[in-house]
Structures are given as structure tokens and as C-alpha cells.
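Reviewing the structure listed below.
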Amino acid sequence: MKLKIAVLAGDGIGPEIMEQGVAVVNAVARKFGHEIEYREAICGADAIDKVGDPFPEETFRTCMESDAVLFAAVGDPKYDNDPTSKVRPEQGLLAMRKKLGLYANIRPIETFYFLVHKSPLKHDIVSGSDFICIRELTGGMYFGPKKEGTDEAYDTNFYSRPEVERILRVAYQYARQRRKHLTVVDKANVLASSRLWRKVAQEMMGEYPDVETDFMYVDNAAMRMIQDPKFFDVMVTENTFGDILTDEGSCITGSMGLLPSASTGEHTPVFEPIHGSWPQGKGLNIANPLAQILSVAMLYEYFNLKAEGALIREAVNASLDQNVRTPEIQVEGGAKYGTKEVGRWIVNYIINK
Ligand code: IPM
Ligand code: MN
């Protein structure tokens, strides 16, 4: 297969983990005979510094002309504590999602057997938990009407019926391929937007009689995720709730650095870690490249290249099993491996398999 991949490394640890992600794309391509053409493009704080725009038109064009986007992370502390700055790196990410129509963000919350001891949850609660959060990504408060005045400000949690319907369809498709259990997470006891979600879901559930649908308030879901994460199979929710719940999810698996995601919708799909740009870790060769590498697995799987994805997952599991791990998940007294060393180990595993 021939694939054009847009490479958006962004800020902070982005370029370092991207280097390993691309090395894995190459190793797999060589092994299976795929032809990959890369196009690098700028985004985030890097792009603000260079051209004053966190998602420049040229980057957008590069994405549109590619089959997939491999994205790392954006964000820089110089913008975080300055509420007056007119342009922020995160706007680049939001612009990308909106302009590519990426309404469905797929975030698998998968626990790794070898890392269960790193989870803040007790072993028997966390081990074996495996669910997917389908986060709506182009609506809600992130994009609804806003006002930012000196004395008052608001964000509007706007959702239309078609927006809710299309994301629920994606969620049902995933549920059908898994354990056939869908949890719709909302705040219908308080929010009008949530009541629309619930109404639409109740109307649609009859079309999916093979899937068990249940409804849960978001506060309860946040609690349930740490009390009994194995309850969940597929969870679907609006943009803001999904943002918060998936950070919670990533943390119960033992490391923020482990979870990949896919964003799909109208145009080119994007594959990216769910973690941020971790500016403090930049240049230190300590960032965990696994979320980026697993994003590459999701990329191959998106194009139905199952064996390719499976080999990457196998290599990642083997690296964990062999204690080839970055410092935050290293077992006590274990050897020290940096971003590069973990990446190289996984590439070698793939090549020699
Ligand atoms: C995420 C991030 C982004 C979000 C930020 C960086 C805008 O936290 O992808 O979860 O809130 O969506
Ligand atoms: Mn987030």
C-alpha cells in the first residue's frame, strides 16, 4: 500500500516522540512492503513562533492532501500563564480538528498487564479493564458561541441533533465489534444539551437491539471509572466530559505516556497520543514514546492493515515485558532507557521478527 503521511511534531517532547513514531512507521513499512511518503508540517507554538499562526494554511493543505496525519503534541508554558495572549498553541489543535471535520475521537483505555502495579488503583480492580471512550470532538463548549469580556465571559455547550446522531452511530459501531455494551455519559439532570443527547440516544437504541445501552451521569461515571473500570466497554460522551474522563482513564492504566488515539470524521484522520507536550521533559530523552508508537498501530489498523498493527502492539508489549521502559514506568532498580533507546528496541524487534 502507498500512504502519504503528514507529520506534525509540534512542541515540547513532540519532536522526540515523533522521531520514534516515524521510525516505527518505517520499520513496519519495510517489513510489509508499504511505500510511505512523508510531509512534515508545523503547528502549535512552533508555528506561532515561525509564522504567527498555530495551524497555518499550508499545514492544513498538507493534511488535506495526505492519507493520514501523525500528530505528536502542542503547548508551551509561555502561553499557559498568560490569559491575555491573543493566540495560543492549543488553538492550532482545535483548528485542525474543526477544519478536518474530526468529530469522532477514539480513545482506548487499555491496561497493560506489565504495568498494573503502576496504577493508583488496586490490582484486582484495574487488572483486565479495557474500554474505549468515544469523545465528540468538534462541538460543545469548545466550539459553541463564546464571549470573553472583562467582567463576564461564557462558553456555550451547543449541540445539534445531527452532531449527536453521527457520534452515537460511531459509538454503536464500536460497541457492536466489542462486548456490545454502550454507556452514554451525560449530565441530563442539569444540562439541556445533555437531555438532547439522551433523547437522541433513546430514539436510536432500538436500531441496535444487539447492544445494551445504558445512561450514566458524568459525575457518577468519573466515580465508577475508579471503583469498577471493568464495568465499561464503550463509553460515548460530549467534548468536554470526554476530555476530562480520558485523562482520568489514562491515569488508571499506570502512565499518561501510554495511550494513543484516533480522530476521524469528514477528512484526513489524525493519530495522536492523548498526552500533552510535557515541556519540562523536552530535550531530556525521558519522554515515553509508547503512546506515539501505539498511535502508529492505530494508523495502520485504520487502513485495515491488521497484521501491521498487531506486530507493533506485540513489540510494545515485549518491550514492557523485558523492562525496556522509560523512567516513569521503570521497575525499581531496572536499567535506564530513554526515549531513543525504547524506540530503537521496538524498531529492532519489528525488523527481526
Ligand atoms: C486533549 C487536550 C486538548 C483538549 C487541549 C490541548 C486543547 O487536552 O486532546 O485532550 O482539551 O482537547
Ligand atoms: Mn485533554
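Whatever order the structure lists them in is the order used to number ligands and atoms, beginning at 1. Everything quoted here is computed from the prediction, not taken from an experiment.
Contact of the Arg161 side chain with the Lys199 side chain is registered, since non-hydrogen atoms from C-beta on lie closer than 4.5 Å.
Under a 4.0 Å N-O distance rule, the pair Lys78/Asp49 qualifies as a salt bridge. Taking a cutoff of 4.0 Å between a charged side-chain nitrogen and a carboxylate oxygen, Lys2 and Asp67 do not qualify as a salt bridge. At a threshold of 4.0 Å, the pair Arg166-Glu266 counts as salt-bridged, since one of the basic side-chain nitrogens sits closer than that to a carboxylate oxygen.
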Show the short N or O contacts, below 3.5 Å, that ligand 1 makes with protein N or O atoms; if there are none, say 'none'.
unit_1	atom_1	unit_2	atom_2	d
ligand 1	8 (O)	Asp243	OD1	3.3
ligand 1	9 (O)	Arg97	NH2	2.7
ligand 1	9 (O)	Arg107	NH2	2.9
ligand 1	10 (O)	Arg107	NH1	3.3
ligand 1	10 (O)	Arg107	NH2	3.2
ligand 1	10 (O)	Arg135	NH1	3.2
ligand 1	10 (O)	Asp243	OD1	2.9
ligand 1	11 (O)	Tyr142	OH	2.6
ligand 1	11 (O)	Asp243	OD1	3.4
ligand 1	12 (O)	Arg97	NH1	2.7
ligand 1	12 (O)	Arg135	NH1	3.3
ligand 1	12 (O)	Arg135	NH2	2.8

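Taking 2.8 Å as the criterion, Asp247 does not count as a coordinating residue of the Mn ion (ligand 2), since none of its N, O or S atoms falls below it.
For Asp243, the N/O/S atom at the shortest distance from the Mn ion (ligand 2) is named OD1.
The CZ atom of Phe232 sits 8.0 Å away from the CG atom of Leu245 when rounded to the nearest 0.5 Å.
Taking the side chain to side chain donor-acceptor pair (under 3.5 Å) definition, one finds that Arg313 meets it with Glu301, sequence neighbours left out.
Annotation: Trp345 is not in aromatic contact with Tyr337 [ring centroid separation under 6.0 Å not met].
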